[in-house]
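Since the structure comes first, as structure tokens, the remarks are kept for the end.
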Amino acid sequence: TTPWPLGEAIETRETQVVEDLAKRFERLPQGPWDHPPPRAALLPILFGGADGPRGVLVVGLNPYRTWDAEYSGFLSLVATQISATLANAEA
């Protein structure tokens with residue numbers, strides 16, 4: 001019943017792609033592009049141990065870039081870096 005499948009991203013520990021953002025939201029930021037992103041990726045922020053994900057990174061996807069393994073890999077690196085930074089801060 002929510003526009004973001006946060007629970008699914010946390011439960012599966014996998015990236016979720018949300019399509020048709022224009023249908024889910026009245027207004028979205030568009031950044032430097034001439035129109036807002038049509039979809040978003042939700043990446044779980046994982047910490048070591050059995051605690052599971054601590055959050056979800058929501059990223060609007062570039063409307064001029066194809067969602068492929070390279071794009072997904074880059075965003076996974078971003079999520080991993082955020083996770084490592086949070087773990088270091090917690091330690």
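The shown structure was predicted, so the numbers you read here are calculated from the model rather than taken from an experiment. All heavy atoms count here, side chains included; hydrogens, waters and symmetry mates do not.
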Residue list, side-chain contact (heavy atoms from CB on, under 4.5 Å) with Leu75, at least two apart or on another chain: Ala41, Leu43, Val59, Leu61, Trp67, Tyr71
Please check if atom OH in Tyr64 has more than 12 non-hydrogen atoms from other residues, nucleotides or ligands closer than 6.0 Å. yes
Applying side-chain contact (heavy atoms from CB on, under 4.5 Å), name anything that partners Pro5, two or more places apart in sequence or on another chain. Glu8, Gln16, Val18, Leu42
List for me each residue that meets side-chain contact (heavy atoms from CB on, under 4.5 Å) alongside Glu70, sequence neighbours excluded, and say none if there are none. Arg65, Asp68
May I ask you to test the Thr85-Gln81 pair for a side-chain heavy-atom distance under 4.5 Å? yes
Residue pairs meeting ring pair (Phe, Tyr, Trp, His ring centres under 6.0 Å), one or both in residues 2-24, sequence neighbours left out, come to Trp4-Phe25
Residues two or more places apart in sequence or in another chain: which of them pass side chain to side chain donor-acceptor pair (under 3.5 Å) with Arg27? none
Of the non-hydrogen atoms in Pro44 and Arg13, which two are nearest, and what is the gap between them? CG-C, 3.5 Å
In terms of heavy-atom contacts, does CD of Glu11 have more than 12 from other residues, nucleotides or ligands at under 6.0 Å? no
Is there a path of hydrophobic side-chain contacts, each under 4.5 Å between heavy atoms of I, L, V, M, F, W or Y residues, that connects Leu21 with Val56? yes
Taking all non-hydrogen atoms of both residues into account, name the closest pair between Pro37 and Leu28 and its distance. O-CD1, 4.0 Å
Under the side-chain contact (heavy atoms from CB on, under 4.5 Å) rule, collect the residues that match up with Thr80, sequence neighbours excluded. none
Cluster check Val17, Ile45: I/L/V/M/F/W/Y, side chain < 4.5 angstrom: yes
